Structures are given as structure tokens and as C-alpha cells.
Visitor: 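If you scroll down you'll find the structure; I have some questions about it.
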Protein chains: 2
Amino acid sequence: MAGSGRGPRERMVFSAAQLIRRDGVTATGMRDVAAHAGAPRGSLQHYFPGGKEQLVNEAVEWAGRYAARRVDRFLAELPRPTPGGLFAAMVRQWTDEYENSGFGTGCPVAAATVDCTASTESTRTAAADAFACWNRPLARALGEMGVPAERTEALATLMIGALEGAILIARAERDVRALTSVARELGPLLDGCATEAPPGR
Amino acid sequence: MAGSGRGPRERMVFSAAQLIRRDGVTATGMRDVAAHAGAPRGSLQHYFPGGKEQLVNEAVEWAGRYAARRVDRFLAELPRPTPGGLFAAMVRQWTDEYENSGFGTGCPVAAATVDCTASTESTRTAAADAFACWNRPLARALGEMGVPAERTEALATLMIGALEGAILIARAERDVRALTSVARELGPLLDGCATEAPPGR
DNA sequence: CCAGTATTATGACGAGCGTCATAGACGGCA
DNA sequence: TGCCGTCTATGACGCTCGTCATAATACTGG
């Protein structure tokens, strides 16, 4: 994850996302963000006159765009794209990170949702937008893989939800088991939804 | 959710869980817990000499036992138990709560995981135990419904993960859509795993 | 070189936090 | 009545937080 290039403003947004996904929003201090970004403390109030709320919101938005970009990249890398294969790639990103760098970090959007939904309306909105931003390319991809149009959005939500939940469990257990289990079980089921009649109900 | 009965100690644990699942661990103050429980502030240090860490851990443990108990209750209430029906009941608990009481609260175990995994080892352990405590009766139930033994644990994890993720998305969107979508899509797929050959792979 | 804006630097403030210290109230039992 | 463990009550301490005020510095166009 490169992020030390660019201007100090972008570095601070990136650092905020990193710290938030590790410690949560409330436990992440403005001074910590500046230090982590190697940026002067005085720049915070200059670039983010809206204070912590603005910084957090921008970090969440950044995370949403990042997740959407990753979906497109996974699609481009898959030789023969299937729903299960795409989901496996999404999961693998996390198992790789956890095996290489430990279980210290989760998803910043999830952290912001847990931490700010009840208190900060604008952050809640930013989190909802981030999920939508992530959901959109996923649903589109599912449609292109043969999933019936009326189910693409719901299945995309299922994929994101299952991934987020598995991340939670994996962090708590310090074990990628939850991630691999979810990928192994849900993957084939997702593949069954492509170019097939929807399950009777 | 009854909780105002019992002794002040139990009330404080219960109140801690309530506040944590609404505001997160860091944003929940000890004074808030005492006030919410209608308990004297001085009792906190008397019943929880281990400080906030102990209180949070007990709240997380309580939540894990609560979730496990709910699984058993759902099973008892289902006339003809199927994996999808059980999952629908678990999801319905949350859609009911959100439609009746708003989207202010989430799962306390998820909140503790997001908020404390990186900083407080004992709380991370408590969260892992809570997930395990929840997973156990679920996996057992799946086995009794005809799911092959080698898949019960993974499918239980998938159910919990999908539910937790959908809760996150629903809170952010202030909409039960994610919950209903996940239940509608995952339910039939889960039913297909009972008394059937596992999907080829 | 100068003017003026953009950026950085630093100290202070008030509020809230978790924790501690200490004293008071209560209640069963001799 | 007197004692003693359990519980309650309250004020204080040290710390960190987000924010603000104010000044110094860097940079850019004339």
C-alpha cells in the first residue's frame, strides 16, 4: 500500500484511514495522524478546517474508492472470471495481509460504522456511500458473469457482508480460518447463481 | 431485552454492552455505564477492580452467551428447522429491532473487535470466545439438520459473518435492505447444503 | 525586492477520560 | 450496643483529547 508519495494532505487522509482501521475512530487522535503522516500538526487545521469529522469522512471515502478500484483490478487479473473466483480474490487480499503483517488492522469503513453511526451523521453517510461505491462495480461484474439482473445487487451485498464479517472474526481469533472457510463455502454457492435459474422460493 | 432486574453488578455489565454496541468501546465512559445502569459510580471500582478492561470483557462475554442462547431459542421455535429458516430467524431479530427502535445499535462483539483488537489483548480473547460460543450451537444445529459434519463449522462461521457484515451495512445505510437481501440470497443456498452432496471442488 | 497568500510551528485552553483515595452509610451478628 | 465487611458517595489527580490563537516561515507572481 503505497501512500507516502503525493502531497501532505493526501498522506494525512491515508494515514487517518490506516490508524482508524487499526484502532477505531475514537481512539485515533489528530496528533497521531499528523505524526504517522510525517506532516506538521498545524497542517491539520489548514487542510481540514472541518476538524476531525472532515478528516474521518475523507478517510472513509478514500477507503470506499480503494475497495471499488480493487474489484476492478481483481476482475482484470482473473483469466476466466466467475463470482466465486472474484470473491476468492477479495478474500485472498485479506488472508495475505494477515499472514504477512499480522492481525492488527481491519476495514476502516467498518470501524467508522461501528464507532460513529450513532453519533456523527455525516460519517454514517460517508460509510454508506463507501459501501455503495464498493457494491456498484461488484454488482455490475456479477451481471456480466451471468447473474440475473434482479439478484446482482443483493449478491454483491452478500459478498461484502460475508467478507466484512469474516474479517471481524479473523481479527478476533487471530486466525484466517474464518476467511478461508467463508471463501470455500460461499464461492461455489455464488458460482451456482450464475447462468442458472434462481433457487425456487 | 430485560436487564433492569438483578443486582447492580449484572445491570452494569448489561448497560456496558448496550452502550458499547451503540457508541463503541472507547467512546463509552465508565461514568456513562454507571448512569445508564442507575448504579452508583463508586460501585464500579468495587465490582470491577480490573477497571474498564474487565467491565468490557464481561460485557463481551455476556453478549456471546446471549447470542448462543438465542440460537437455541430460535431452534425451539422453528416448527421444521432448516439452515435457511434458522438464518432467517437470526436476521429477523435485527430487522425487527431496527424497524422498531432505529439503527442506533449494532453488535457489541463486533464493536469490541474493531475497537480493542489492536490494543487490548484480553478483550480480543473475549471477543474470540464470544464468537466461538456463538458458533458452537449453530454448528451443532446444522449437523442435526443434515449438513455434513466436516462443513458445519465453516457454514456456521459463514452465517455469523454474513449476519455481522449485513448489520454493519444496514446501520450505515439506515436501511434493512442489506439484512433482507442477505437472508433472501443466503438462506436457500444454505438449505441446499443440507442432506446433499457438497458442491464439487 | 516586495506583497500576499499558503503553509508550518507552537503553546494554551477547556473538557472529558480512567483511576485513585478517602470517608460515609448500611446490615447482619455477637 | 458495638463491630466489621460490604457497598456507596464524592472529590481530586494526571493525562489526553480536539480545537483555537497567534506567530513565523516558505513560496509565488508582480
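Worth saying up front: this structure is predicted, and the values here are computed from it rather than measured. Chain letters run A, B, ... following the sequence lines, proteins first, then strands; residues in each count from 1.
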Visitor: Enter the distance from B:L186:CG to A:L189:CG here, rounded to the nearest 0.5 Å.
Guide: 7.5 Å
Visitor: Please round to the nearest 0.5 Å and tell me the distance separating atom OG1 of A:T152 and atom CZ of A:R136.
Guide: 12.5 Å
Visitor: Just to be sure I understand the geometry, which residues of residues 28-35 of chain B put a non-hydrogen atom under 4.0 Å away from DNA chain C?
Guide: B:T28, B:G29, B:M30, B:R31, B:D32
Visitor: Treat primed atoms plus P, OP1 and OP2 as sugar-phosphate and everything else as base, then score nucleotides 20-25 of chain C 5' to 3': B for base contact with protein heavy atoms under 4.0 Å, S for sugar-phosphate contact only, - for none.
Guide: BB----
Visitor: What closest approach, in Å, do B:Y98 and B:A170 show between heavy atoms, and which atom pair accounts for it?
Guide: CE1-CB, 4.2 Å
Visitor: Take B:E164 and A:E164, measure what side-chain contact (heavy atoms from CB on, under 4.5 Å) needs, and give me the verdict at the end.
Guide: CA-CA 8 Å; B:E164 288 283 6; A:E164 288 282 7; over 6 Å; no
Visitor: How long is the line joining OH of B:Y47 and C1' of D:dG5, in whole Å?
Guide: 13 Å
Visitor: To the nearest 0.5 Å, what is the distance between CG on A:D175 and CD on A:E99?
Guide: 9.0 Å
Visitor: Report yes if at least one side-chain N or O of B:S43 is closer than 4.0 Å to OP1 or OP2 of D:dT8; otherwise report no.
Guide: yes
Visitor: Give the rounded distance in Å between these two atoms: CZ of B:R9 and C1' of D:dT8.
Guide: 16 Å
Visitor: Please step through side-chain contact (heavy atoms from CB on, under 4.5 Å) for the pair B:F103 and A:T117, ending with a clear verdict.
Guide: CA-CA 8 Å; B:F103 292 84; A:T117 290; 5.5 Å; no
Visitor: Give, ordered by number, those residues of residues 50-60 of chain A having at least one heavy-atom distance below 4.0 Å to an atom of DNA chain D; if nothing qualifies, reply none.
Guide: A:G51, A:K52
Visitor: List the steps, then state whether side-chain contact (heavy atoms from CB on, under 4.5 Å) holds for A:L75 with A:M145.
Guide: CA-CA 11 Å; A:L75 281 173; A:M145 293 171 187; 3.5 Å; yes
Visitor: Measure from the side-chain heavy atoms of B:H46 and tell me the nearest of D:dT6, C:dA9, C:dT7.
Guide: D:dT6
Visitor: Which residue, A:T26 or B:A39, contacts DNA chain D at a nucleotide closer to its 5' end, judged by nearest heavy atom?
Guide: B:A39
Visitor: Rounded to 10°, tell me the angle between the two end axes of the helix from C:dC1-D:dG30 to C:dA30-D:dT1, each built from five pairs.
Guide: 0°
Visitor: Would you mind reading off the distance between B:F48 atom CZ and C:dG18 atom P, rounded to a whole angstrom?
Guide: 14 Å
Visitor: What verdict does the side-chain contact (heavy atoms from CB on, under 4.5 Å) test give for A:R21 and A:V109, after you've listed the backbone C-alpha separation in whole Å, the side-chain angles of each residue and the deciding distance to 0.1 Å?
Guide: CA-CA 8 Å; A:R21 82 199 196 99; A:V109 186; over 6 Å; no
Visitor: Decide, yes or no, whether a salt bridge links B:R140 with B:D72 under the criterion of side-chain N to carboxylate O below 4.0 Å.
Guide: yes
Visitor: Show every donor-acceptor pair shorter than 3.5 Å between a side-chain atom in residues 35-50 of chain A and any protein atom, with sequence neighbours excluded, or say none if there are none.
Guide:
| unit_1 | atom_1 | unit_2 | atom_2 | d |
| --- | --- | --- | --- | --- |
| A:H36 | ND1 | A:S15 | OG | 2.7 |

Visitor: With rounding to the nearest 0.5 Å, note down the distance linking CG in B:L86 to CG in B:L138.
Guide: 5.5 Å
Visitor: Indicate yes or no: does B:E77 engage B:R92 in a salt bridge with an N to O separation below 4.0 Å.
Guide: no
Visitor: Which salt bridge (Lys or Arg N to Asp or Glu O under 4.0 Å) pairs, counting each pair once, include a residue from residues 42-63 of chain B, with sequence neighbours left out?
Guide: B:R9-B:E58
